[in-house]
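Notes follow the structure.
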Amino acid sequence: MDCKTFEKMIPDFIDDKLEYAQLARFRDHYVSCQECREELAIQYLVREGMARLEEGSAFDLQKELDRHLDEARKKIAYNVGILKLGVVAEIAVMTVIGFGVMWILFH
Ligand SMILES: [Zn+2]
């Protein structure tokens, strides 16, 4: 993913609208690109900060952004886990079918 794509996805990230696959790519770029980390922090501060000012409530946005990113990380880890589970299940099914075919052929 390049920086331009990342920037375009920032609003969707903040609003929690990214699909898992997008989220994984988004986070990859976030981890590897200092400029985009700063860009995300700024946009987050601007978007969330404006909303909070209207509400008049106290806030620690850097902490909230960190939490947001941590949730993204968990979501990605969860999905990777599901995918791995799917592969294992598929292998198990193929093995059973394989044995079934051998049993039919050799009995
Ligand atoms: Zn970047």
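We count ligands from 1, going down the list as the structure has it; atoms in each ligand are counted the same way.
Excluding waters, the count of protein N/O/S atoms less than 2.8 Å from the Zn ion (ligand 1) comes to 4.
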Table please: side-chain donor-acceptor pairs of residues 77-98 below 3.5 Å, with sequence neighbours left out.
residue, atom, partner, partner atom, Å
Asn79, ND2, Lys75, O, 2.9
Thr95, OG1, Ile91, O, 2.7

For residues 14-27, dump all side-chain donor-acceptor pairs below 3.5 Å to protein atoms at least two apart in sequence or in another chain.
residue, atom, partner, partner atom, Å
Asp15, OD1, Arg47, NH2, 3.0
Asp15, OD2, Arg47, NH2, 2.9
Gln22, OE1, Glu19, N, 3.0

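Asp70 places a side-chain heavy atom less than 4.5 Å from the side chain of Lys74.
Interatomic distance, CE of Met9 versus SG of Cys36, reported as 11.5 Å (0.5 Å rounding).
Among pairs with a residue in residues 34-53, those fulfilling ring pair (Phe, Tyr, Trp, His ring centres under 6.0 Å) read Tyr44-His68, at least two apart in sequence or across chains.
Both Phe106 and Val101 are part of a single hydrophobic cluster, where members link through side-chain heavy atoms under 4.5 Å apart.
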